[in-house]
2 protein chains.
Amino acid sequence: MGRQRPGTPTLEEVAALAGVGRGTVSRVINNAAGVKDSTRRAVQRAIAELGYVPNLAARSLAGRRADAVALVMTEPDWRKFGEPFFSEVVRAVGDALADTKVQLLLTLVRTDADRRRFVEYARGGRVDGVLLMSVHAEDTLPDMLADAGLPTVMLGRRSADESVTYVDADNAGGARSAVTHLLSHGRSVIATITGPLDMYVARCRLRGYREALKRAGIGIRPAWVVEGDFTEESGRRAMAEIIEREPEVDAVLAASDSMAVGALDVLRAAGRRVPEDVAVIGFDDFLRTQHTSPRLTTVRQPLEEIGRTMVRLLLEQMEDSAVAWRHVILRTELVLRDSA
Amino acid sequence: MGRQRPGTPTLEEVAALAGVGRGTVSRVINNAAGVKDSTRRAVQRAIAELGYVPNLAARSLAGRRADAVALVMTEPDWRKFGEPFFSEVVRAVGDALADTKVQLLLTLVRTDADRRRFVEYARGGRVDGVLLMSVHAEDTLPDMLADAGLPTVMLGRRSADESVTYVDADNAGGARSAVTHLLSHGRSVIATITGPLDMYVARCRLRGYREALKRAGIGIRPAWVVEGDFTEESGRRAMAEIIEREPEVDAVLAASDSMAVGALDVLRAAGRRVPEDVAVIGFDDFLRTQHTSPRLTTVRQPLEEIGRTMVRLLLEQMEDSAVAWRHVILRTELVLRDSA
DNA sequence: CTGAAAGCGCTAACAT
DNA sequence: ATGTTAGCGCTTTCAG
């Protein structure tokens, strides 16, 4: 069994070589003030000579932070892991953490065994905080972590009255403004491909869609609403179904960029002129639809800002464990790129 | 700063409550043999009552493993992170680790700052071993880790004489057999979309392609070889270039599934009948091309087996740090799904 | 400004 | 079978 190799130099040996006490070496390592410059240099030389690397277990134990946070994706379906949405979140969070000394650890939690293992890991103090993404409505992992007193921040929420700190986009508002925009451009048979409806985010987007049509006095027919799961493949299936059941459809609101890509595929295959006949709207920031069809109307989620905000809230919780539960809802941005 | 909340019960308190010594509690926690059943139960009750969770830093420090391994993706271009290839590897490795107590930590290393931070993390003993994927030829991270005595296993290698333990597929052989197959089915103007040529894996696949054509006595024209970077988008660009420079092309070897998908897009847009006119070959296991075009010839990498093997080699190194450097090269499988 | 000393919570070796 | 003890390597008072 591994661990730091035996023979790894310790702080004590560094101290001996530098001819100082352990405390001094510790101060130098941690860039603490109050060390004579010459002493500091001597210690640094010793560190270099010995190739000393601090033992992180000892450091954690001795009472500080773990200097690491986890970014957890709880998703039974590992395929979703490849969705651009996740790489975007990872990047945004990574960027927000770039010039800290905090190590970002990605973790995939698929099964209950994974869940248990991770909770032990986190509660065991290997991370100072946890960021969660893609949480389904019935998932209790966030509570398990938050109840254990771990700083925890979710991307999105599980329900209207989420009890764990979260950052979310204005999903209903985004969907509403998109549909309103479509209506104002003469579309009237507007379908939607939703996300998985066990996720609050998907429900909100659907609600926004409903509200916009209702305000316009348009009755929604059942065939207009098809559930997807955020993946491209589900977008394909959903779009095929919509076309079949409602050939008159002249606009579609897709609840994710990937689904929009799939939908566009099908539309093209069906010989529809896209986006002249049909408008598609994606929600992600990294818009693959940009490449496919550069003239769509999109609702941009501010992923960059979401990542930054999540990290900020987490760090604040870490600094001061007295901070109360909080939530932040960020505005989405309607980007008009359609041909109308 | 965070860490395990103050007030967290310790092993000592559990021992007190259960009316036993610390050693006994430790044994129970670690499922060690030699504890009377009644005692064990008493301890477990105390653990439950107190909500005790072992402090992992203390455990690591006291001389065991960290019970965690890192799966590192060194890739400056974060977009690649979303490639299905990576989610597949993550899944395969995750599966291989599923019923161990080892926590899998994914880490993204993009910048040199990331690299430094991760090396400190790993050398600091927070993980017992490191798995690396997508390593570019000039990357020294594997050496830094291996030289530090950390069990390290790479997926693929950086050059012909790799010095770090690795698991690889028979890339040249796979490419060769694919091209040979195409030749035997009457194709003769065979182009290839390579991976980034600063990666050995891409070079090998290109070499296999070259060898097959050479054996058939066919001279390769410069326009037949276009470099991609494994992404779908690069496949699109490359295919467009090939069609333009060599309209007679009647088969294409794509060095990745994603690039094949992009290439197929372009071929369709160009009005080619796929795969009647053009055959495309992907290398990944999770074949998106399956959905797009179910009748292609593909070279399947045994990703499942690669993941299992990497984990096995890593665990072996962790058990016994005396094990020498090793490498394993796995066979690829030619899957014929073309119409010929 | 710097050295010495007291733990952090656990495992493992040694007693009993 | 179980209690006791000696550290693991570091941070952090507390003296000096």
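Chain naming here is simple, since letters A, B, ... match the order of the sequence lines and numbering starts at 1 in each. These figures come from a predicted structure and were not determined experimentally. Computed from heavy atoms alone, side chains included, the values below leave out hydrogens, waters and symmetry copies.
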Spacing between B/R126 atom CZ and D/dC10 atom P, to the nearest angstrom = 13 Å
inquiry  = Looking only at the side chains, is there a donor atom on one of B/T140 and B/R115 sitting less than 3.5 Å from an acceptor on the other?
reply    = no
message = Which is more 5' along DNA chain C, the nucleotide nearest B/L11 or the one nearest A/R40? Just name the residue.
response = A/R40
query = Quick one: CG on B/L132 to CG on B/L314, what's the gap to the nearest 0.5 Å?
reply = 10.0 Å
ask   = In whole angstroms, how far is the C1' atom of C/dA12 from the CD1 atom of B/I29?
value = 14 Å
ask   = Out of C/dT11, D/dG9, D/dA1, which has the shortest distance to the side chain of B/R59?
value = C/dT11
task = Take atom CZ of B/R27 and atom C1' of D/dT4, then tell me their distance rounded to the nearest Å.
result = 10 Å
task = Using atom CD of B/E12 as one end and atom P of D/dT5 as the other, report the distance to the nearest whole Å.
result = 12 Å
request  = Figure out the CG/P separation between A/N30 and D/dC10, and round it to whole Å.
outcome  = 11 Å
key: Spacing of A/E13 atom CD relative to D/dC10 atom C1', expressed in whole Å   = 14 Å
query = What is the distance, rounded to the nearest whole Å, between atom CG of B/L61 and atom C1' of D/dT11?
reply = 12 Å
Touch class at under 4.0 angstrom, heavy-atom based, for A/S26 against every strand present = base
inquiry  = Using side-chain heavy atoms (C-beta onward) and a distance below 4.5 Å, is A/I306 in contact with A/L155?
reply    = yes
task = Return the orientation label for the A/H327 and A/Y166 ring planes: parallel under 30°, perpendicular over 60°, tilted otherwise.
result = parallel
ask   = Is any side-chain nitrogen or oxygen of B/T39 closer than 4.0 Å to OP1 or OP2 of D/dT2?
value = yes
ask   = Looking at side-chain heavy atoms only, is the closest gap between B/R91 and A/F81 below 4.5 Å?
value = no
task = To the nearest Å, give me how far apart CZ (A/R22) and P (D/dT11) are.
result = 11 Å
message = Nearest heavy atom decides the nucleotide; on that basis, is B/A58 or A/V35 closer to the 5' end of DNA chain C?
response = A/V35
request  = Side chain of B/A62 only, please: which of D/dC10, D/dT2, D/dG7 is the nearest?
outcome  = D/dG7
